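Heads up: the structure comes next, in structure tokens.
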Amino acid sequence: MHLRLAPLALVPLLAVAACGEDTGPAAGPIASVPTTAAPTAPTDPTDAPPVTTPVTTQETELRYDPVEARADLDAARERWRAAGWTAYRFTFTPSCYCPQDDVTVEVIDGRPVGAEAAGHARSVEQWFDEIDASIGTAADVRVSYGETGAPSSLYIDVDEMMADEEFGFELVGLEQVTDGLAAFLDDEYGCGYGFALSDSDQTVSMVARFVDVDWETGPEPGVHDLADLDGVVYFGADLMANWCDDVIEVGEPEPVVDDSWQIVGGSLTFTPTDNRLAVGVFTDVVAVDADGHEHHLGDVEVSNGMWGFFAG
């Protein structure tokens with residue numbers, strides 16, 4: 001990597017359970033890849049049945065009361081909403097025609113992140129959707145709900161005439177993550193006039209860069225409105241690959257973005273500490289997804305150890 005002090009113009013920074021751009025200093029997420037549909041017959045713990053209504057060729061004889069099952073689901077959803085958990089993690093043991101390994105899932109505001117996210121891991125909210133789609137169509141649906149409303153055990157038999165399509169799990173751990181998004185962002189990435197960090201698996205990242213500033217002197221220290229910065233939360237894979245590299249070697253991974261939330265609210269307190277280090281404290285971060293839903297992500301603190309430098 002070759003670094004030099006930023007000249008008058010600087011390219012901006014980049015910003016990313018179950019069975020079954022910164023085209024500036026660094027090459028950033030350049031391709032949006034749609035997620036693939038999960039297989040209908042899971043073969044490993046991270047491949048869950050797709051969230052779709054089961055289809056049968058004949059009328060299914062139900063081994064449960066769908067009215068009672070839906071009432072239980074509605075009550076559980078209400079308890080979960082009342083609990084107000086926006087960030088959490090849980091571990092469960094799958095029970096299906098697949099390996100019986102424990103699976104740990106981390107979720108930020110309804111979105112699974114981490115290594116298991118690539119295997120179609122489910123959030124609690126997505127499991128609610130799975131149960132909802134199965135009630136009245138699957139041959140058997142048996143669910144137990146915990147105090148917070150989250151499913152603690154699950155068994156779904158799509159069709160009693162089919163073999164090996166049954167799926168279930170036992171929840172062995174569920175905990176709230178009170179630090180919000182900050183709890184999932186472990187690694188900091190310096191370079192240029194901005195801040196970037198991601199989880200260790202590079203499946204979620206947060207990047208905020210200054211715009212319309214004097215690139216010779218950089219932004220003024222102090223408090224800045226995040227609405228005035230270019231800030232994004234990305235989800236995908238290898239999100240920080242080739243960060244601030246001026247040369248991309250053959251065979252190196254490229255960032256892949258499958259979702260992004262634009263940061264629209266909150267504040268950034270920016271403090272330069274020496275020639276190559278700056279600290280950013282993000283407060284009350286609010287982001288909006290493609291559907292217009294707001295996500296309140298809490299506070300995040302990050303450093304940029306190469307402040308004012310860029311690849312070149």
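Source: prediction; values computed, not measured.
In terms of the salt bridge (Lys or Arg N to Asp or Glu O under 4.0 Å) criterion, residue partners of R70 (sequence neighbours excluded) are, by chain and number, D132. Legend: residues meeting side chain to side chain contact (heavy atoms under 4.5 Å, CB included) with D179, ordered by chain and number and at least two apart, are A183. For the side chain to side chain contact (heavy atoms under 4.5 Å, CB included) test, residues two or more places apart in sequence or in another chain that qualify with E68 are D65, D72. The salt bridge (Lys or Arg N to Asp or Glu O under 4.0 Å) search around D238 returns none, not counting sequence neighbours. Checked against salt bridge (Lys or Arg N to Asp or Glu O under 4.0 Å), R79 has no partners two or more places apart in sequence or in another chain. With sequence neighbours left out, the side chain to side chain contact (heavy atoms under 4.5 Å, CB included) criterion links E78 to R81. Residues satisfying the side chain to side chain contact (heavy atoms under 4.5 Å, CB included) criterion with D228, sequence neighbours excluded, are D225. F270 is linked by a ring-ring contact (aromatic ring centres under 6.0 Å, His included) to F210, W307, counting only residues two or more places apart in sequence or in another chain.
At a threshold of 4.5 Å between non-hydrogen side-chain atoms, the residues Q126 and P112 count as touching.
Looking at every heavy atom in both residues, V207 comes nearest to I263 through O-CD1, 4.5 Å. Taking all atoms of both residues into account, the shortest heavy-atom contact from L171 to P151 is CD2-O, 3.5 Å. A182 and D299 make their closest contact through CB-O, 3.3 Å (heavy atoms, listed as atom of the first residue, atom of the second, distance).
Remark: R142 fails to qualify as a cation-pi partner of Y64 under the 6.0 Å distance and 45° angle criteria applied to the six-membered ring.
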Could you list the donor-acceptor pairs under 3.5 angstrom formed by side chains in residues 83-91, with sequence neighbours left out?
residue : atom : partner : partner atom : Å
W85     : NE1  : Q176    : OE1          : 3.4
Y88     : OH   : V124    : N            : 2.9
Y88     : OH   : E125    : OE1          : 2.7
R89     : NE   : E106    : OE2          : 3.2
R89     : NH1  : E175    : OE2          : 3.3
R89     : NH2  : E106    : OE2          : 3.2
T91     : OG1  : T104    : OG1          : 3.0

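For residues 278-298, the ring pair (Phe, Tyr, Trp, His ring centres under 6.0 Å) pairs, not counting sequence neighbours, are W261-H295. Counting only residues at least two apart or in different chains, salt bridge (Lys or Arg N to Asp or Glu O under 4.0 Å) contacts with residues 277-294 are absent. Applying the salt bridge (Lys or Arg N to Asp or Glu O under 4.0 Å) test to pairs two or more places apart or on separate chains, none has a residue in residues 264-273.
Other residues, nucleotides and ligands place more than 12 heavy atoms under 6.0 Å from the CD atom of E252.
Applying side-chain contact (heavy atoms from CB on, under 4.5 Å) to V302 and the options L197, L185, D187 leaves one that passes, L197.
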